[in-house]
Amino acid sequence: MKNILNAPFVVEMCETTANMYRLGWDERNGGNISCLLDQSELEQYLNVNDVIRTIPTGFDAAELAGKIFIVTGTGKYFKNVQKDPETNLGIVRISKDGKNAELLWGFKDGGKFTSEFPAHMMSHIVRLKQDPEHRVVAHSHPTYTIAMNTVCSTDEKDFTHKLWQSNTECVIVFPDGVGVLPCMVCGTEEIGIATAKKMEKHRLVVWTNHGIYGTGKNLDEAFGLIETVEKTAQIYMLALGRAVNVIPDQIIKGLADLWNLTVMEGVLDLE
Ligand code: 13P
Ligand code: ZN
């Protein structure tokens, strides 16, 4: 067996959590990440028949039965993942009935997966239907995104438009726009269901007064989506109330056409 601490999926989880912490997005235990693993790759590092313990999922995850995820632990600090991955991360397989997660590695101190496990798993279910290559759900608390969401309406077309108008990269990186949920109690099945519903149309979902979710085929893509929103939210907040030049809708459309992208409906006014 190869050393799991050198496995690309462990190394990338360490690097991504460290980057998010370094950028100031994930204070204390803020943020969580889950990544769908390929069983044949995992078998180079672990005997997948050895279940350390089972942890109730708390909801029906049967649609993901047999799927294996690496996921951050609840209450764990992104700051600490790199120096102790085996305590701060876990690898779990969803049981046949979807009621349990079978721990295959990690959560060494008796810990468990993130409190946002329902939102992650329900988002994986929806995104896999949109894109079979989907693998990652990442949640973070980036400062300017939350600030922009504090001063803007929760209308997702309006929020998306403001981002597209502030940085030419935005419509190219997320032509599908950003879904926005109102302020809700986090860590619940309810917010998981609401998040997953938004994921039918968007790879990015803002939780008002809380943070953002990004998804993708790999950690780079999920991270890059959040990074692009956060950078643009910073531009928006720095220019707040003083913007003279915003990107005209014709230019946003021109960018989308150039890259053959289908943009979120009802955002651009091209009359
Ligand atoms: P966890 O520590 O349970 O992952 O929660 C952090 C968080 O960001 C809640 O939304
Ligand atoms: Zn959070």
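Order of listing sets the numbers, starting from 1, for every ligand and every atom in it. A quick note: this is a predicted structure, and the numbers were derived from the prediction, not measured. Residue numbers start at 1 and run along the sequence shown.
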Any N or O of G30 closer than 3.5 Å to N or O of ligand 1: no
What are the atoms of ligand 1, with element, lying closer than 4.0 Å to any heavy atom of G31? 4 (O), 6 (C), 7 (C), 8 (O)
Between F59 and F117, what is the ring plane arrangement, given parallel below 30°, perpendicular above 60°, and tilted in between? perpendicular
Atoms of ligand 1, numbered as shown, that sit under 4.0 Å from any heavy atom of H210: 10 (O)
For I55 versus F113, what's the shortest heavy-atom pair and its separation? CG2-CE2, 3.6 Å
Which heavy-atom pair separates M20 from I33 by the least distance, and what is that distance? SD-CD1, 4.0 Å
Indicate yes or no: does an N/O atom of W207 lie under 3.5 Å from an N/O atom of ligand 1? no
Taking 4.0 angstrom as the limit and counting only heavy atoms of T74, give me the atoms of ligand 1 inside it, by number and element. 1 (P), 2 (O), 3 (O)
Residue and atom names of protein N/O/S atoms that fall under 2.8 Å from the Zn ion (ligand 2): H139 NE2, H141 NE2, H210 NE2
Does any N/O atom on C186 come nearer than 3.5 Å to any N/O atom on ligand 1? no
If only atom types and distance count, is the side chain of N32 paired as donor or acceptor with the main-chain N or O of S115 below 3.5 Å? no
Atom 4 (O) of ligand 1: the protein heavy-atom neighbour that sits closest, reported with distance to 0.1 Å: T114 OG1, 2.7 Å
For the student: nearest non-hydrogen atoms of M13 and T72, plus distance: CE-CG2, 4.1 Å
Identify, for atom 7 (C) of ligand 1, the protein heavy atom at the shortest distance, and state residue, atom and that distance. N32 ND2, 3.4 Å
Counterpart residues, salt bridge (charged side-chain N to carboxylate O under 4.0 Å, His left out), relative to E227 (two or more places apart): none
As a test of understanding, state which of D84, D109, N88 forms a side-chain hydrogen bond (donor to acceptor under 3.5 Å, both in side chains) with K76. D109
Atom CD of E265 with >12 non-hydrogen neighbours under 6.0 angstrom: no
May I ask you to test the T114-V71 pair for a side-chain heavy-atom distance under 4.5 Å? yes
Over all heavy atoms of both residues, which pair between H202 and D176 is shortest? Give the atoms and the distance, please. ND1-O, 2.5 Å
Could you list which atoms of ligand 1 come closer than 4.0 Å to a heavy atom of H139? 8 (O), 10 (O)
Report yes if E116 has an N/O atom closer than 3.5 Å to an N/O atom of ligand 1; otherwise report no. yes
Tell me, do V136 and E221 make a side-chain contact under 4.5 Å, heavy atoms counted? no
Give me the nearest non-hydrogen protein atom to atom 6 (C) of ligand 1 as residue plus atom name, then the distance to 0.1 Å. N29 O, 3.2 Å
